[in-house]
Undergrad: 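First, the structure itself, so that you have it in front of you.
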Amino acid sequence: MAAHISLTQLSSGNPLYETYYKQVDPSYTGRVGPAEAALFLKRSALSDVILGKIWDLADPDGKGYLDKQGFYVALRLVACVQSGHEVSLASLSVPVPPPKFVSDPILVFCIVLKLSLYFAYQIEEKSKFDGIFDSLLPVNGLLSGDKVKPVLMNSKLPLDILGRVWELSDIDKDGHLDRDEFAVAMHLVYRALEKEPVPTVLPQSLIPPSKRKKTPTFPGAVPVLPASPPPKDSLRSTPSHGSMSSLNSAVNWVVPLTDKIRYDDIFLQTDLDMDGYVSGLEVKDIFMHSGLPQNILAHIWALADTRQMGKLNKDQFALAMYLIQQKVSKGIDPPQVLHPDMIPPAERNTSVQVRVHATCIYWFVSILILLCWVKK
């Protein structure tokens with residue numbers, strides 16, 4: 001039914017549909033991939049269950065992507081749900097206003113992050129691959145090259161392509177494929193049969209979560225984010241130990257509590273090795289998606305990395321996200337030096353304790369020197 005509805009009918013002649021389509025297919029290839037479609041459609045704020053039903057109706061043949069007609073169908077169904085109608089082809093004939101999509105940059109960050117943590121293929125596809133994997137009788141959860149070879153050869157793809165598929169899918173380079181690695185291999189084969197090029201490097205979205213490990217950080221390693229000399233005075237505005245007003249300000253922070261909760265959620269999803277820190281490599285995609293120039297992102301990183309450790313803890317990450325949000329949504333440039341209310345409260349308290357401790361040592365040593373002088 002949807003295939004017989006013209007683009008004009010689906011859009012009701014509203015140019016917004018064409019505007020939306022251009023955002024996901026700027027080159028007008030006539031093909032919108034699942035990642036691009038998901039990134040855009042999730043801005044409708046509809047649940048994943050609803051969006052899944054919309055995808056199934058927009059891609060009835062299971063191609064794994066949307067052509068222009070399919071994307072228009074998806075847009076129209078989003079508009080139907082937002083107007084209180086059910087997800088069904090029958091709803092396409094109901095007059096509704098155009099769909100609405102939020103532009104909150106933090107929400108977009110969350111969507112990008114969420115997409116990067118999942119496989120690029122669908123659950124149904126993974127189930128099919130798992131069935132093939134089990135039929136090959138794995139030993140200790142692994143398939144040898146001899147068992148996988150007939151399956152790959154059956155695709156009739158060129159040997160050089162199949163060789164690259166094996167190299168990419170054998171992620172841990174042990175000469176065997178486990179269940180997730182086999183799924184990667186089959187996904188690449190299926191895409192190659194659809195005339196899609198096999199990548200030279202495995203995309204992050206295809207790396208199974210079990211195989212994603214934090215890149216080791218060696219002493220002196222340069223952060224992945226663009227290098228920028230960290231502000232030497234970034235902590236000079238720490239409240240002085242002699243000021244009660246400074247101590248009171250330690251409980252005030254520029255990062256709103258509601259935003260902090262969102263940033264903490266992003267942090268927990270990004271900190272894949274759960275060491276309490278995120279590296280430049282782990283946050284690069286999130287930061288870069290803000291659209292800010294690399295020099296500004298590097299400066300924000302330097303400000304947030306208050307201890308110059310080359311990585312951020314949860315509060316430092318929240319501060320970085322806050323500074324990005326301020327620049328993206330309000331045009332407010334990050335400061336050259338952190339203001340007192342920008343320093344994470346925990347670090348302010350630590351700074352105060354260290355300074356008080358140092359003061360006590362100073363006076364203790366001074367008294368000892370005085371006593372020695374008196375005895376003389």
Side-chain angles (χ1 to χ4, degrees), residues 35 39 105-118 171 199-235 253-255 259-260 262-329 332-338 342-344 346-347 350:
L39 176 59
I106 296 303
L107 177 59
V108 175
F109 288 163
C110 294
I111 293 171
V112 172
L113 175 62
K114 204 168 184 180
L115 287 173
S116 70
L117 297 178
Y118 296 129
I171 298 171
T200 54
V201 178
L202 195 64
Q204 181 73 11
S205 60
L206 274 179
I207 301 177
S210 61
K211 304 292 182 181
R212 297 177 186 178
K213 297 180 180 179
K214 184 177 178 182
T215 301
T217 300
F218 302 97
V222 179
V224 172
L225 289 175
S228 174
K232 296 180 180 179
D233 297 332
S234 60
L235 287 176
W253 198 21
V254 292
V255 181
D259 289 346
K260 179 63 163 60
R262 286 197 291 177
Y263 301 151
D264 285 352
D265 182 57
I266 299 175
F267 180 89
L268 292 175
Q269 295 182 63
T270 310
D271 182 19
L272 299 180
D273 57 359
M274 301 178 67
D275 68 342
Y277 293 92
V278 291
S279 66
L281 178 63
E282 288 173 313
V283 303
K284 180 182 178 183
D285 289 342
I286 302 175
F287 281 22
M288 295 296 288
H289 194 79
S290 67
L292 296 179
Q294 293 188 9
N295 63 319
I296 292 181
L297 292 175
H299 180 58
I300 289 176
W301 173 274
L303 288 173
D305 184 14
T306 53
R307 300 176 183 177
Q308 285 80 55
M309 295 176 62
K311 53 187 178 181
L312 305 180
N313 62 27
K314 187 183 293 185
D315 288 347
Q316 293 169 334
F317 175 77
L319 174 62
M321 293 294 284
Y322 167 81
L323 294 174
I324 290 174
Q325 167 74 344
Q326 290 291 100
K327 178 61 178 176
V328 171
S329 62
I332 300 177
D333 292 323
Q336 290 301 310
V337 177
L338 288 181
M342 288 182 174
I343 300 172
E347 295 193 21
T350 300

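All of these numbers come straight from a predicted model, not from anything done at the bench.
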Undergrad: Distance-only, no hydrogens or angles: does the His299 side chain make a donor-acceptor pair with backbone N or O of Pro335 under 3.5 Å?
TA: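 Judged by distance alone, yes, a pair lies under 3.5 Å.
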Undergrad: So Phe287 and Phe317, would you call those rings parallel, tilted or perpendicular, with 30° and 60° as cut-offs?
TA: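 Judged by the thresholds at 30° and 60°, the geometry between Phe287 and Phe317 is parallel.
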Undergrad: Let's go through Leu312 and Leu319 carefully: what are the C-alpha distance in whole Å and the side-chain angles of both, what is the deciding distance for side-chain contact (heavy atoms from CB on, under 4.5 Å) to 0.1 Å, and is it a yes or a no?
TA: CA-CA 10 Å; Leu312 305 180; Leu319 174 62; over 6 Å; no
Undergrad: Drop me the distance from Ile296's CD1 to Ile324's CD1, to the nearest 0.5 angstrom.
TA: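 That separation rounds to 10.5 Å.
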Undergrad: Is there a side-chain contact between Met309 and Tyr277 in this structure, where contact means two heavy atoms from C-beta onward sitting under 4.5 Å apart?
TA: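 Of all side-chain heavy-atom pairs linking Tyr277 with Met309, at least one is under 4.5 Å.
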Undergrad: Could you tell me whether Asp305 and Lys311 have a side-chain N and a carboxylate O separated by less than 4.0 Å?
TA: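 Salt bridge absent between Asp305 and Lys311.
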Undergrad: How long is the straight-line distance from CG of Leu338 back to CD1 of Ile343, given to the nearest 0.5 Å?
TA: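 That separation rounds to 6.0 Å.
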Undergrad: Taking Met342's backbone N and O only, do any of them form a donor-acceptor pair with Trp253's side chain (distance below 3.5 Å, no angle check)?
TA: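 Looks like yes, one N/O pair under 3.5 Å.
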Undergrad: List for me each residue that meets side chain to side chain donor-acceptor pair (under 3.5 Å) alongside Lys314, sequence neighbours excluded, and say none if there are none.
TA: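 Lys314: no side chain to side chain donor-acceptor pair (under 3.5 Å) contacts found.
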Undergrad: Considering non-hydrogen atoms only, spot the tightest contact between Ala346 and Asp315 and give its length.
TA: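 The pair with the smallest heavy-atom distance is CB-OD2, 4.2 Å.
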Undergrad: Contact between Val278 and Phe267 at the side-chain level, heavy atoms closer than 4.5 Å - yes or no?
TA: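 When only atoms from C-beta onward are counted, Phe267 and Val278 do touch, with a gap below 4.5 Å.
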Undergrad: Please report the interatomic distance CH2(Trp301) to CG(Leu323), rounded to the nearest 0.5 Å.
TA: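 Rounded to the nearest 0.5 Å, the CH2-CG separation comes to 13.0 Å.
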Undergrad: Starting at CD1 of Ile266, measure out to CZ of Arg262 and round the result to the nearest 0.5 Å.
TA: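 Output value for this atom pair is 7.5 Å.
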Undergrad: Please report the shortest heavy-atom distance between Gln308 and Ala302, naming the atom on each side.
TA: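 Heavy-atom minimum between the residues: NE2-O, 4.4 Å.
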Undergrad: Can any side-chain N or O of Gln316 pair as donor or acceptor with the backbone N or O of Asn313 at less than 3.5 Å?
TA: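 Here the side-chain-to-backbone pair exists.
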Undergrad: Can you tell me how far apart NZ (Lys327) and CD1 (Ile332) are? Round to the nearest 0.5 Å.
TA: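 Those atoms lie 9.5 Å apart.
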